[in-house]
Structure formats: structure tokens, C-alpha cells
Amino acid sequence: MNKGTIFTILLAFVSVASQAQTKVNIHGICEPDAKYIGICKNMDGSGGADSVSVRDGKWEYIKELPADVYTLSFISDVMEKQDKKDDFITVMADSIPTEIDLTTGTVKGSKASEAMNATWKELIASMKSDNVLAAVQQMRKAVLDNTDSMLPVVFFPMGMYKALTYPELQKIFRPGVPYENHPAMQEAKAHISQMQEEYQKERQSQTARAIGNKFTDIAMNDTTGRERRLSEWCGKGRYVLIDFWASWCGPCRAEMPNVTACYEKYHAKGLDIVAISFDTNKEAWLRAINTMKMPWVHLSDLAGWNSLGAKTYDIKGIPANILLDDEGNIIDIDLRDYMLEEKLTEIFGE
């Protein structure tokens, strides 16, 4: 996703036609000399504009809006005069009371509104620094963390879904989500249908990580430099998650809290994790392990994408993982987010 794509996203938030209404209750503070707050209904200008007056630096916006207005942006007249148009606040137009501080740029409201504000700020920052990866990761996190809201509709029509894996898209389009039949999501749904066939082919392939295969033993060094083999843990009566990652991989780091939570919940019940890193810098590898508090086995040959782990198990993208049963047979692959938790619950129970 390049800079031009992000700029398009900033300007082209798609609206949805609907007869329903959403009552918003938003209040906040601004500069004491402000006279009004300008409000944009939807980032592309659809839905119209609005404003509210300010009294002693305080304001409120309570209104019933059409359901096709799903984001609201706020800026004071003082900010406009000072040419601080990039500092306006964008939140979701939902029914949860929201508090906005235009002097600090902070939001207290629904999880989706807070995520929307943080994502908007990251998008603006990316335009100034050309750090596209940070913006993409912020959008990815916002979408995955807010599938119970309409937030995915904000980003998906402009191609955000192309930055997500098939398991992530499965989570986003699981039955019952509020945007399930949203017209703006149809292109993404067509995309996931195409990915499904490719994903199933991969799961049924004859590579070393094909489901049903026995694990392939390899030797790599641990964090102390000692050579270890997968067979020290795999096929020894416990389930093993072989986790492929790297300290420089943003999605890997984003997924690690979920892996940690699963380890803490199921380790005593019979789950081990052996992490194989695609790092090339030992200090960065060890620092990431320590910083993210990953208390399981770590192996690496510090060869990056030329790692023996990547070659043996045909890993073309990370994060990736392989789940082995207690006999060392591969029973599933590429379990991320809620899918990992669901699979382990199926095995070990709650």
C-alpha cells in the first residue's frame, strides 16, 4: 500500500444508504476563545456538514443522524484560523457517549471511536514521514480489534483488505458482524472467496507442513548458542506450536500478545511453543524476546529468509505457525488471533 493509496483513503470514506437513525451524544472542550466547532459528516463530505456553538471552551453535539453517516470529524474555528486542519478529531458516529478534547487531540468513547482517532492520526503522520508501514499496521489493528462496529467499512472499500491474511479476513467476515451485507464490503468478500481456494490448496499441499504429515526434524541454535533439535519437544507427548516470526516483523509483534495469552492458558494443560526466528541480528532477536516477554523455546540460525526453518517448511510469509499433536503430527497451520484460541480450546477445553 503506497502513499497515494493512503491519501485516497483519507479522502474517500464510502457512505451506505439506510433508513435507520443513530443518536450521537458527543461533547468536549476546545480553546477558550473558540466560537464554534465545525463538523464534517463522513470524510468524503457526504451526509453534509454541521456546526455547534462554543461556550467557555465547552460544546456538545447531540443529534439523530442517518445510519449512512458513520464517521464524524470535529475542528474548532481557532484551529482552522491557525491552519491546524490536520489536527481535527475523527470518531465513529455510534450511540456511545463520547468526550473529545480538541486541545490535546484525545478521545474517550467507544473502543471503535478511540481506534478511529488513533488511526486517523497515524495516517496523517505517515503522510508527513512516508512511513507507510506504520499506517498500514495501525489500520490493520483497528479493523481486527473492532469487528463489532462499522469501522471496517471505513477502510475496506479503498483496498485495506489486501493487507490482511486469509485467517484475518475470516475473522472479519464471520457470521453476525454488523457490516455482513454492507454493499461497500462486496469487493472484499469477492477477494476472500478467491483466497479461500488458494488457502485450501496450501493446507492440502504435499510440503513438509501439510496437515497430516509428521513434523520434519531440524537443528538450530537456541538463544545461548547451543544446538537444539525440534525432536526434543515434538512428538514427546505434548502439543507443540512451531511459531515462525522475526523481531522486525510488525504483524508478528502484533500477534504475540495473543500467542502469549494462549501459552499462559494452555501450557500447564500440555502446550509447548518452539519459536523459529527469521532474524539476522542476534541482539535484535534477543531484545524482542525480552521486551515482549516470550517465555518459551527460541531457535534461530540468524539467516533471515534463508533460514533452515523457512526452507524446510516452505514458509513464504510470517507470522506463520504449525500445530503438532502429542505424537508430532501436523494437525493445523497458520492459526492466528481468535482461530488459535478456538483450536486450543477444542483440544484442551476452557
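Position 1 is the first residue of the sequence, and the numbers go up from there.
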Tell me if a side-chain donor or acceptor on [X] pairs with a main-chain N or O of [Y] at a distance below 3.5 Å.
X: Arg174; Y: Lys171; result: yes
X: Asp279; Y: Ser247; result: yes
X: Glu114; Y: Gly109; result: yes
X: Asn213; Y: Ile330; result: no
X: Arg238; Y: Asp326; result: no
X: Lys41; Y: Ala93; result: no
X: Asp217; Y: Ser231; result: yes
X: Arg336; Y: Asn258; result: no

Look at the rings of Phe348 and Tyr239 and say which category their plane angle falls in: under 30° parallel, 30 to 60° tilted, over 60° perpendicular. perpendicular
Using the ring of each side chain (for Trp, its six-membered ring), is Tyr179 parallel, tilted or perpendicular to Phe173, with breaks at 30° and 60°? perpendicular
Between Glu346 and Lys343, is there a side-chain N and carboxylate O pair less than 4.0 Å apart? yes
Once rounded to the nearest 0.5 Å, what's the spacing between atom [atom1] of [X] and atom [atom2] of [Y]?
X: Leu308; Y: Ile218; atom1: CG; atom2: CD1; result: 4.5 Å
X: Thr147; Y: Ile172; atom1: OG1; atom2: CD1; result: 7.5 Å
X: His298; Y: Asp243; atom1: NE2; atom2: CG; result: 9.0 Å
X: Leu344; Y: Lys269; atom1: CG; atom2: NZ; result: 10.0 Å
X: Ile333; Y: Phe244; atom1: CD1; atom2: CZ; result: 10.5 Å
X: Asp33; Y: Lys81; atom1: CG; atom2: NZ; result: 8.0 Å

Has [X] got more than 12 heavy atoms of other residues, nucleotides or ligands less than 6.0 Å from its [atom1]?
X: Asp56; atom1: CG; result: no
X: Lys35; atom1: NZ; result: no
X: Gln186; atom1: CD; result: yes
X: Lys141; atom1: NZ; result: no
X: Lys214; atom1: NZ; result: yes

Does the pair Val259 and Asn321 meet the rule for a side-chain contact (heavy atoms from CB on, under 4.5 Å), with working shown? CA-CA 11 Å; Val259 177; Asn321 57 48; over 6 Å; no
What's the shortest heavy-atom distance between [X] and [Y], and which atoms?
X: Met79; Y: Asp87; value: CE-O, 3.3 Å
X: Cys262; Y: Glu341; value: SG-OE1, 3.8 Å
X: Glu180; Y: Gly176; value: OE1-N, 3.2 Å
X: Cys252; Y: Pro319; value: SG-N, 3.5 Å
X: Ser95; Y: Thr22; value: N-CG2, 4.0 Å
X: Ser307; Y: Met220; value: OG-CE, 3.5 Å

[X] versus [Y]: any side-chain heavy-atom pair under 4.5 Å?
X: Ile100; Y: Asn117; result: no
X: Val107; Y: Met116; result: no
X: Met292; Y: Thr260; result: no
X: Tyr61; Y: Asp50; result: yes
X: Ile89; Y: Lys121; result: yes
X: Met92; Y: Thr71; result: yes
X: His182; Y: Phe156; result: no
X: Leu151; Y: Thr119; result: no

For side-chain contact (heavy atoms from CB on, under 4.5 Å), just list the numbers for Trp233 and Leu324, CA-CA rounded to whole Å, side-chain angles, deciding distance to a tenth of an Å, and then say yes or no. CA-CA 10 Å; Trp233 299 276; Leu324 307 177; over 6 Å; no
Same hydrophobic cluster for [X] and [Y], using side-chain heavy-atom links shorter than 4.5 Å among ILVMFWY?
X: Met294; Y: Leu286; value: yes
X: Trp305; Y: Ile242; value: yes
X: Ile39; Y: Val78; value: no
X: Ile96; Y: Trp120; value: no
X: Tyr36; Y: Val24; value: no

All ring pair (Phe, Tyr, Trp, His ring centres under 6.0 Å) counterparts of His27, not counting sequence neighbours: none
Looking only at the side chains, is there a donor atom on one of Thr90 and Ser73 sitting less than 3.5 Å from an acceptor on the other? yes
Can you see whether Ser149 engages Asn146 through a side-chain donor-acceptor pair at a distance of less than 3.5 angstrom? no
From the list Ile37, Ile29, Val54, side-chain contact (heavy atoms from CB on, under 4.5 Å) partner of Leu102 resolves to Ile37
Mind running side-chain contact (heavy atoms from CB on, under 4.5 Å) on Trp248 and Trp285 for me, showing each step along the way? CA-CA 9 Å; Trp248 45 259; Trp285 174 44; over 6 Å; no
Arg209 and salt bridge (charged side-chain N to carboxylate O under 4.0 Å, His left out): which single residue from Asp334, Asp332, Asp314 fits? Asp334
Could you walk me through whether Val297 and Asp272 pass side-chain contact (heavy atoms from CB on, under 4.5 Å), step by step? CA-CA 8 Å; Val297 179; Asp272 289 327; over 6 Å; no
